[in-house]
Amino acid sequence: MINSLLARKIEKRPDKVRLQGRILFLTEDPELIKRQLAGEDLPWDTKNPANNPKLRDDISTDEITPAHYCFYFDETLGEIPYLGLKCGSVTPIGRGDVKRGGFVCAVSGKRRGKGSSREQSPYAEMCAGIRVVIAENIERIYKQNCQNLGLLTSTNFSLIDRIRGGEEIALSEFTAGEDEITRQVIEYGGLFPFNVARMQGKVFLPPIEDAGGGVGATRAMTLAEKIFARHMIRPSEAAPEVGVPSVKPGDTGFARADLRFSHEYVTPMAAIFFEHYVGKDAKVNDPSSILFFRDHLTFLDEVISEEKKKLGLLDLATQLKLKQQDFAKKQGIRLHGELTDRKGSEGICHSIVLESYALPGQLNIGSDSHTPHVGAIGCVAFGIGTTDVFNSWITKDVRVKVPESVRIVIRGKKHPNVTAKDFILKILSLDYVRSGKALAKVMEYAGEAIEQLSVDERATMTNMAAEIGGFTGIVVPDKKAVEFLVERRGMDRRKAGTVRTCHRTRCSRHNADGGDARRSGKRQICSRTEYARSGRDRIRRHLHRGQE
């Protein structure tokens, strides 16, 4: 707990907001964008949408902030938004154009903010003056990053006329349909002010209801749900307590993290936020459970183009390294940096966490999309954005919405020439995954073939939950996980055995009758991928639904 924040004055946004400024329509026609940048306000018919120019769909975060501009980690990003936006073969927006244009709102079509979870994108828009983004639909991670920063989002195109008319707009327009915690994050103007209000006891955290409503009542849970239940914060008048009897998909709250890590693409921006909002001399909460890594840009000088060198981007990348080093030293945080005897890094962030730190049953968070790597030994591990990283340094916890789980069972013995990568590539080809049904869910891998895999190969399975679009991947820790801890960590065998959790007791997928049912609302989903040998290797997936 950072005591200075307890006296910080924190207030909600006004119940009504007035967004004064111009609206930038990100259209498919580059000439229309150029005319807006030159000062023309584009007509827009909110009552007859067919009369309007076609808006750009599928605007990715790489188009909002191209990767090489993410070397900036401060308000300079305000000169960058939409530099990568393509309209056909044209990139009509130049550096500083949006900021000079006096735009307060940006409008686009479907799937705004897809792709990388980089928080530099909404931050760049904010620093350029954008206060609200409107789109037909908005990608989940991008939307959450906007909310964490205080950038308003909406899918209501009728707001365009009201913004242009200078009308006051009820804040409830932007909170409608959101869960209780997200609503309050928006009302307080971002995750940091909300968290300060939470520490001061000013916000309402919805209780996680126990099954049956009785004292000590529980429900059958999956492995991931058990881990979430053990880590969920339970507010009390004295101090927050950790652990609830049970959770279910859709429960929202904050979960205490065992490990928090970030790399040089994210740490500097999070450090800037920490120093600005908390204080340059403030100390992070429990530095012993925080890790930093230098692993993404170690060889950048060997691959960066001369053109980008001339733009000073290599120098900027070096500043990322130096800022992380300085912050780590000042805070007493372990930094896995560059090698001293040759060029290179100590290792890849999520790999080192698996090799040296993570334990079964933990909840780990990191700034890398492949944080689920450590699920190979039975951890719930998932990637988070910059604001989540910075806030976790204060509170040691992270906002979560308990995800649904999908159990993928690979049956039969694994052929010697088949690898974990073969399994995951086949899973990626399944209609269940291709149609998006696996998005934001926990991928729990099981079956005889998975049991045969080494921990390293299991890590391939959990790591690539990111490619599936899942929340995370996980494998039940078994004797191989114990052997891994003994051999790689030098851990006492008895101690290694005790960190394994009980996984089948009261698990809804391991009923007394040996069934494989997974409860989800009023439906039961048996979700399994079967591997067998019948003339040739094949993987089959069966999805069964039945009423409760």
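Owing to the predicted nature of the structure, the values given are computational and were not obtained by experimental measurement.
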Subject >> Derivation and outcome, salt bridge (Lys or Arg N to Asp or Glu O under 4.0 Å), residues Arg22 and Asp41 >> reply: CA-CA 7 Å; Arg22 301 176 61 210; Asp41 287 327; 2.8 Å; yes
Original post:
Side chain of Asp388, backbone of Ile384: donor and acceptor closer than 3.5 Å?
Top reply: no
Original post:
Looking only at heavy atoms, which two atoms of Leu313 and Phe71 are closest? And how far apart?
Top reply: O-CD1, 3.3 Å
Subject >> Donor-acceptor pair, side chain of Asp97 and main chain of Gly94, under 3.5 angstrom >> reply: yes
**OP:** Only counting residues at least two apart or in another chain, list the ones meeting salt bridge (charged side-chain N to carboxylate O under 4.0 Å, His left out) with Glu187.
**Re:** Lys12, Arg183
Subject >> Distance-only side-chain donor-acceptor flag, Asp397 / His231, under 3.5 Å >> reply: no
Subject >> Sidechain N-carboxylate O distance under 4.0 Å for Glu63, Arg111 >> reply: no
Subject >> Test applied, side-chain contact (heavy atoms from CB on, under 4.5 Å); reference residue, His350; option that passes from Asp368, Thr371, Thr462 >> reply: Asp368
**OP:** Give a yes or no answer on whether the side chain of Thr27 reaches the backbone of Pro53 with a donor-acceptor pair at less than 3.5 Å.
**Re:** no
**OP:** Scan Thr46, Ile23, Leu159 and name whichever one has a side-chain contact (heavy atoms from CB on, under 4.5 Å) with Arg164.
**Re:** Ile23
Subject >> Selection residues 76-92 - residue pairs positive for salt bridge (Lys or Arg N to Asp or Glu O under 4.0 Å), sequence neighbours left out >> reply: Glu79-Arg95
**OP:** Check the side chains of Asn148 and Arg399 for a donor-acceptor pair under 3.5 angstrom, ignoring hydrogens and angles.
**Re:** yes
Original post:
Phe261 and Phe293: aromatic ring centres closer than 6.0 Å?
Top reply: yes
Subject >> Contacts of Glu338 that satisfy salt bridge (charged side-chain N to carboxylate O under 4.0 Å, His left out) - sequence neighbours left out >> reply: Arg294, Lys321
**OP:** Please find out if less than 6.0 Å separates the ring center of His336 from that of Tyr357.
**Re:** yes
Original post:
Just wondering, are more than 12 heavy atoms of other shown residues or ligands nearer than 6.0 Å to CD in Glu180?
Top reply: yes
**OP:** Without swapping roles, check the side chain of Gln36 against the backbone of Phe25 for a donor-acceptor pair under 3.5 Å.
**Re:** yes
Original post:
So, for Ser405 and Thr222, which heavy atoms are closest and what is the spacing to 0.1 Å?
Top reply: OG-OG1, 3.4 Å
**OP:** Report, as yes or no, whether the 6.0 Å neighbourhood of atom NZ on Lys99 holds more than 12 heavy atoms from other residues, nucleotides or ligands.
**Re:** yes
Original post:
What's the verdict on side chain to side chain donor-acceptor pair (under 3.5 Å) for Asn156 and Ser154, showing C-alpha distance, side-chain angles and the deciding distance?
Top reply: CA-CA 5 Å; Asn156 182 2; Ser154 180; 5.1 Å; no
Original post:
Is the closest basic N to carboxylate O distance between Arg118 and Asp62 below 4.0 Å?
Top reply: yes
Subject >> Cationic N near anionic O, under 4.0 Å, Asp326 to Lys329 >> reply: no
Subject >> Electrostatic pair Glu275:Lys323 at N-O distance under 4.0 angstrom >> reply: yes
Original post:
Under 6.0 Å from the six-membered ring centre of Phe292 and within 45° of its axis: does the NZ or CZ of Arg334 meet both?
Top reply: no
Subject >> Near-ring test Phe273/Trp393, centroid separation under 6.0 angstrom >> reply: no
Subject >> Salt bridge Glu178-Lys143, side-chain N to carboxylate O under 4.0 Å >> reply: yes
Original post:
Between the main-chain N or O of Leu297 and the side-chain N or O of Glu264, is there a donor-acceptor pair closer than 3.5 Å?
Top reply: yes
**OP:** Check whether any side-chain N or O of Arg56 sits under 3.5 Å from a backbone N or O of Glu28 as a donor-acceptor pair, and report yes or no.
**Re:** no
Original post:
Are more than 12 heavy atoms from other residues, nucleotides or ligands located less than 6.0 Å from atom CZ of Phe157?
Top reply: yes
